[in-house]
*Asks:* 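Can you keep this structure in mind? I'll have questions shortly.
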Amino acid sequence: MDNNNIPHLIEFPKIGKPELGFISVAEKANLPFVPKRIYWTYFTPEDVERGGHSHFDLHQILIAVSGKIEVTTELLDGQKETFILEKPNVGLFIPKMCWRTMKYTHNAVQMCIASNEYDENDYIRDYQIFLGAKL
Ligand code: TYD
C-alpha cells in the first residue's frame, strides 16, 4: 500500500547490541524519497511549540535522535494524529500538505531528513490558508 500521503512511523535498522551500542542508518533502500537536505534542531525550551506550518511540496522524516518529541499532524481531510518520538531508530514521515506542531523535552535533538532544499515559498504558515487549500 502506498502510504506516502499520510503521516506514519518508519523503523530504521538498529545494528548492534546493548553492550556495544547501536548504529541506525537511513539510506536509499529504506527511505521513501531521495533526501536533498538534513537539518537538526536542539535546545528548544519545553514551553515552546515549533512547527505551525505545512508545506506545498516537501516530504520530511523527523527523528528524535535524543530526548522526546511530541508531534501533532493534521491532513486536509481533517485527520489528526499525535505521535511520540523517543526512539533514535524510529522516524515520523510527514507528507506534503500536512499541518504539524512539535513540542520537545529540553534534551531533545530532532533530525529532519527532507526531500528538498530550503524554500520559504514552499511553506504555508497561516492555518486558515492551509484549511482552505485544495488537494
Ligand atoms: P521552521 O521550518 O519554521 O522551523 P520549525 O518547523 O522547527 O518551527 O524554520 C525556522 C527558521 O529557520 C525560519 O526562519 C527558516 C529557517 N530555516 C532555514 O533557513 N533553513 C532551513 O533548512 C530550515 C528548516 C529553516
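Counting convention: from 1, in listed order, for ligands and their atoms alike.
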*Asks:* Using distance alone, decide if ligand 1 has a nitrogen or oxygen within less than 3.5 Å of any nitrogen or oxygen in E120.
*Replies:* no
*Asks:* Do any nitrogen or oxygen atoms of Y39 lie less than 3.5 angstrom from nitrogen or oxygen atoms of ligand 1?
*Replies:* no
*Asks:* Where the side chain of T72 meets the backbone of R100, is there a donor-acceptor pair that is under 3.5 Å apart?
*Replies:* no
*Asks:* Say whether R100 and ligand 1 are in contact under the criterion: heavy-atom distance to a ligand atom below 4.0 Å.
*Replies:* no
*Asks:* So is E117 touching ligand 1 or not, going by heavy atoms under 4.0 Å?
*Replies:* no
*Asks:* Looking only at protein heavy atoms, identify the closest one to atom 4 (O) of ligand 1 and say how far it is in Å.
*Replies:* R50 NH2, 3.4 Å
*Asks:* Closest non-hydrogen protein atom to atom 3 (O) of ligand 1, residue and atom name please, with distance?
*Replies:* R125 NH1, 2.9 Å
*Asks:* Geometry only, no angles: is G51 polar-contacting ligand 1 at N/O separations under 3.5 Å?
*Replies:* yes
*Asks:* Donor-acceptor check, side chain of E70 to backbone of K103, threshold 3.5 angstrom: yes or no?
*Replies:* no
*Asks:* How long is the gap from CZ on F130 to CE on M97, to the nearest 0.5 Å?
*Replies:* 5.5 Å
*Asks:* Could you check whether any side-chain N or O of N30 sits under 3.5 Å from a backbone N or O of V25, counting only pairs where one atom can act as donor and the other as acceptor?
*Replies:* yes
*Asks:* Under 4.0 Å from a heavy atom of Y123: which atoms of ligand 1 are those, numbered in the order shown and with their elements?
*Replies:* 1 (P), 2 (O), 3 (O), 24 (C)
*Asks:* Looking at atom 18 (C) of ligand 1, tell me if a protein heavy atom falls under 4.0 Å from it.
*Replies:* yes
*Asks:* List the closest protein heavy-atom neighbour of atom 15 (C) of ligand 1: residue, atom name, distance to the nearest 0.1 Å.
*Replies:* Y118 OH, 3.2 Å
*Asks:* Counting only N and O atoms by type, is there a donor-acceptor contact under 3.5 Å from the side chain of S66 to the main-chain atoms of A108?
*Replies:* no
*Asks:* Is there a nitrogen or oxygen of Q110 sitting under 3.5 Å from a nitrogen or oxygen of ligand 1?
*Replies:* no
*Asks:* Would you find more than 12 non-hydrogen atoms of other residues, nucleotides or ligands less than 6.0 Å from Y118 atom OH?
*Replies:* yes
*Asks:* Can you say whether the rings of H59 and F93 are parallel (under 30°), tilted (30 to 60°) or perpendicular (over 60°)?
*Replies:* tilted
*Asks:* Using a distance threshold of 4.0 Å (strictly less than), state whether atom 12 (O) of ligand 1 has a protein heavy-atom neighbour.
*Replies:* no
*Asks:* Once the angle between the rings of H53 and H55 is folded into 0 to 90°, is it parallel (under 30°), tilted (30 to 60°) or perpendicular (over 60°)?
*Replies:* perpendicular
*Asks:* Answer yes or no: are there more than 12 heavy-atom neighbours, outside L131 itself, under 6.0 Å from its atom CG?
*Replies:* yes
*Asks:* Decide whether an N or O pair under 3.5 Å exists between H53 and ligand 1.
*Replies:* yes
*Asks:* Distance to 0.1 Å, residue and atom name: give those for the protein heavy atom nearest to atom 22 (O) of ligand 1.
*Replies:* R37 NH1, 2.5 Å
